Structures are given as C-alpha cells and as structure tokens.
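Everything on this sheet refers to the single structure shown next.
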Amino acid sequence: MRRVAIMLAGLALSVVPAYADDAACIESFKTLLVDGNPGKGPAKAHITQSFGTMNTENNFYSLGAGSTDGMMEPVKGMGDQQVLFRKGKMYVSTDKGKSWTFVREMDKGSSPEAVKDKLKADADTAKDVSCGTEALDGVDHETVEGTYVASTAQGATITAKYWVNPETGWMRKAVTTGMMGGTQSMTTQMIEPMPDLTLPDPE
C-alpha cells in the first residue's frame with residue numbers, strides 16, 4: 001500500500017511556465033516531481049493503470065496540502081474494497097464506506113517528509129526533459145515531460161508528463177510510463193479540484 005500513499009502525495013502538482021529544453025525546463029520538471037502543489041487543496045483523481053495485460057481503474061480522493069490522508073475508491077478490476085488513509089492509519093471498507101476496519105499504522109516511509117526526500121533523490125536523476133504547449137479538452141496547457149529513476153518503483157526508469165492550465169494553475173493530467181520487472185506499466189491521472197472534500201473519520 002506504500003505505492004498508493006506515494007501516489008497520493010503526487011496528485012496535485014505546482015504550476016510552472018513553459019520553457020525550451022534547457023536548465024530552466026529541467027528545474028521545472030524537478031519542481032513538479034518533488035514539491036507537488038500544496039496550495040491547490042483537495043482533489044479527485046480518476047486513475048487508470050495498466051501493468052502488462054492487467055488493467056485497473058479507480059478514483060483517488062486527496063486532501064492535498066502535503067497530506068497523505070486520502071481514499072481509494074475502486075471502479076474496475078480492483079474488487080469492491082475501499083482503502084482509507086487517515087491520520088497515519090490505514091482502514092478498509094467492503095460496504096461502500098458505511099463501516100471501516102482498521103488494518104495497520106502507516107510506516108514512517110509513507111510520511112510526506114519521507115516521500116519528499118525520496119523524490120528529491122529521484123529528481124537528481126532527471127534527463128531528456130522538455131517543455132511545451134499542448135491542447136487538452138480544447139484548452140492549451142503547458143506540458144513538462146522527462147524521465148527519472150524511481151526509487152519507489154524498485155529503481156525503474158519512469159517517464160512522466162504533466163499538463164498544467166496556465167490560466168487557472170491547475171494540473172489537469174499526469175501520465176507516467178515505465179518497465180517494472182520486464183513488464184510495461186502506465187498510469188494516467190485526470191485530476192479535478194474538489195474544495196468541499198471531506199474524508200471519513202473512523203475514530
């Protein structure tokens with residue numbers, strides 16, 4: 001479940017202007033990868049993932065602001081178990097959130113600080129970075145793309161691309177691809193703000 005918590009930490013990303021393929025562009029990629037966008041608040045990400053021939057789909061609700069509190073809601077290929085991360089604890093529900101069962105305390109490696117430290121080290125491996133502009137949903141978005149070695153993915157080389165709306169400052173889409181254990185993986189996040197989001201509190 002650590003991978004899910006790490007995914008949560010990277011849901012909302014900061015805004016950067018588009019640059020040519022130069023030092024400023026590389027720095028922008030590192031900022032997106034490491035710092036996230038704590039000022040943008042709660043969000044919902046519709047996430048589709050493929051790993052070889054396996055395909056899954058879920059919604060992930062994040063409180064943002066550097067918090068690892070969030071909830072995974074399965075949509076396709078993941079059974080019916082919801083997973084909640086709240087106040088450093090993990091819970092599961094099999095009745096659509098009507099009741100929650102405590103699973104375990106989250107380990108220190110899943111804390112926002114620990115995740116950020118790992119991402120800083122990963123960012124130092126960034127290469128083949130480029131920035132530009134691309135239409136998304138009929139709106140021109142600034143794009144930042146590059147590759148890095150992901151310590152959280154068993155040292156796999158990951159390619160990440162981010163789409164940021166330059167007018168609203170919202171990171172609408174993120175796509176990561178890579179090879180893990182000889183198997184191709186791909187994750188697409190379509191992210192929307194959810195300022196009124198509240199999460200269950202089993203306590």
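Being a predicted model, the structure only gives us computed values, none of them experimental. This chain uses plain numbering: 1 for the first residue, then up along the sequence.
- Ring planes of Tyr148 and Phe29: tilted class, angle from 30 to 60°.
- Salt bridge annotation for Lys89-Glu203: present, with a cationic side-chain nitrogen under 4.0 angstrom from a carboxylate oxygen.
- Thr147 contributes no side-chain N or O that, together with a main-chain N or O of Asp128, makes up a donor-acceptor pair within less than 3.5 Å.
- Taking Lys87 as the reference, Asp201 meet the salt bridge (Lys or Arg N to Asp or Glu O under 4.0 Å) condition, with sequence neighbours excluded.
- Side-chain atoms of Glu145 and Tyr162 form no donor-acceptor pair, as typed in the model, at a separation below 3.5 Å.
- In this structure the side chain of Met90 reaches within 4.5 angstrom of the side chain of Val83, judged on heavy atoms.
- Panel note: side chain Ser185, backbone Gly178; a donor-acceptor pair is recorded below 3.5 Å.
- Remark: Glu192 CD is packed, more than 12 non-hydrogen atoms of other residues, nucleotides or ligands lying under 6.0 Å away.
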Quiz prompt | side-chain contact (heavy atoms from CB on, under 4.5 Å) between Thr101 and Tyr91, worked out | solution = CA-CA 5 Å; Thr101 300; Tyr91 304 84; over 6 Å; no
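- The shortest distance between side-chain heavy atoms of Gln81 and Met72 does not fall below 4.5 Å.
- Between Val92 and Gln82 the shortest side-chain heavy-atom distance does not fall below 4.5 Å.
- Judged purely by atom type and a 3.5 angstrom limit, His46 has no side-chain atom pairing as donor or acceptor with the backbone of Lys44.
- Listed here is the closest heavy atom pair of Leu199 and Leu84: CB-CD1, 4.5 Å.
- Residues Pro200 and Met71 meet the side-chain proximity criterion, which asks for heavy atoms closer than 4.5 Å.
- Partners of Ala121 according to the side-chain contact (heavy atoms from CB on, under 4.5 Å) rule, which considers only residues two or more places apart in sequence or in another chain, do not exist here.
- The backbone N or O of Ala24 lies less than 3.5 Å from a partner atom in the side chain of Asp22, making a donor-acceptor pair.
- Judged purely by atom type and a 3.5 angstrom limit, Arg172 has no side-chain atom pairing as donor or acceptor with the backbone of Asn165.
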| task | Go through the steps to decide whether Leu197 and Leu63 satisfy the test side-chain contact (heavy atoms from CB on, under 4.5 Å), and finish with yes or no. | result | CA-CA 7 Å; Leu197 173 67; Leu63 290 183; 4.1 Å; yes
field: Lys173 and Trp170: CA distance, side-chain angles, deciding distance, side-chain contact (heavy atoms from CB on, under 4.5 Å) verdict
entry: CA-CA 9 Å; Lys173 182 178 181 181; Trp170 188 256; over 6 Å; no
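- A donor and an acceptor atom, one from each side chain of Asp122 and Ser151, are located under 3.5 Å apart.
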